[in-house]
Amino acid sequence: MPLYDYRCADCGDFREFRSMAQSDVPYACPVCGKPSDRLFTTPFLAPKAAPAAPSSRPFSQGAAFGHVCGHGCAHSVS
């Protein structure tokens, strides 16, 4: 369920999880109970996961070229 931002004229901003079907319907302020309109904000984008640590194996895609030598470079097989 999406998280939406709302603004109560008396109490300020708050967030609520609601179904998309109810996204345009005013929501009661959790403090005073007054109907509050949804704010249109930019979406929250979670940070990208940290990159994986480098592999200790030689050039991992070398098999696609046919051979991986002990130095980690790829050579095509003729």
Side-chain angles (χ1 to χ4, degrees):
M1 229 187 288
L3 181 64
Y4 294 106
D5 293 322
Y6 292 88
R7 176 168 291 150
C8 173
D10 296 333
C11 304
D13 297 348
F14 62 95
R15 288 185 168 168
E16 292 294 330
F17 284 104
R18 298 191 73 192
S19 69
M20 291 176 71
Q22 296 175 327
S23 65
D24 290 334
V25 179
Y27 191 82
C29 173
V31 177
C32 69
K34 287 185 179 179
S36 303
D37 292 325
R38 188 176 128 206
L39 298 174
F40 290 96
T41 59
T42 57
F44 171 75
L45 302 175
K48 189 175 179 180
S55 174
S56 60
R57 295 178 296 170
F59 186 74
S60 62
Q61 293 178 339
F65 294 102
H67 170 76
V68 177
C69 72
H71 303 286
C73 55
H75 300 277
S76 60
V77 176
S78 308

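Residues that satisfy the side-chain hydrogen bond (donor to acceptor under 3.5 Å, both in side chains) test with Asp37, not counting sequence neighbours, are absent from this structure.
Side-chain contact between Lys34 and Pro26 is absent, with no heavy-atom pair separated by less than 4.5 Å. Side-chain contact check for Leu39 versus Asp13: some heavy-atom pair is nearer than 4.5 Å. Under the 4.5 Å side-chain criterion, counting only non-hydrogen atoms from C-beta, Met20 is in contact with Pro2.
From Arg15, atom CZ reaches atom CG of Leu3 across 5.5 Å, with rounding to the nearest 0.5 Å.
The pair Asp24-Arg38 meets the salt-bridge criterion, since a charged nitrogen lies less than 4.0 angstrom from a carboxylate oxygen.
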Verdict with reasoning, Arg18 to Val25, per side chain to side chain contact (heavy atoms under 4.5 Å, CB included): CA-CA 10 Å; Arg18 298 191 73 192; Val25 179; 4.1 Å; yes
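Of all heavy-atom pairs between Arg7 and Ser36, the closest is O-CB, 3.4 Å. The minimum heavy-atom distance between Cys29 and Cys32, with the atom names listed, is SG-N, 3.6 Å.
Identified under the ring pair (Phe, Tyr, Trp, His ring centres under 6.0 Å) test for residues 7-35, with sequence neighbours left out: Tyr6-Phe14, Tyr6-Tyr27.
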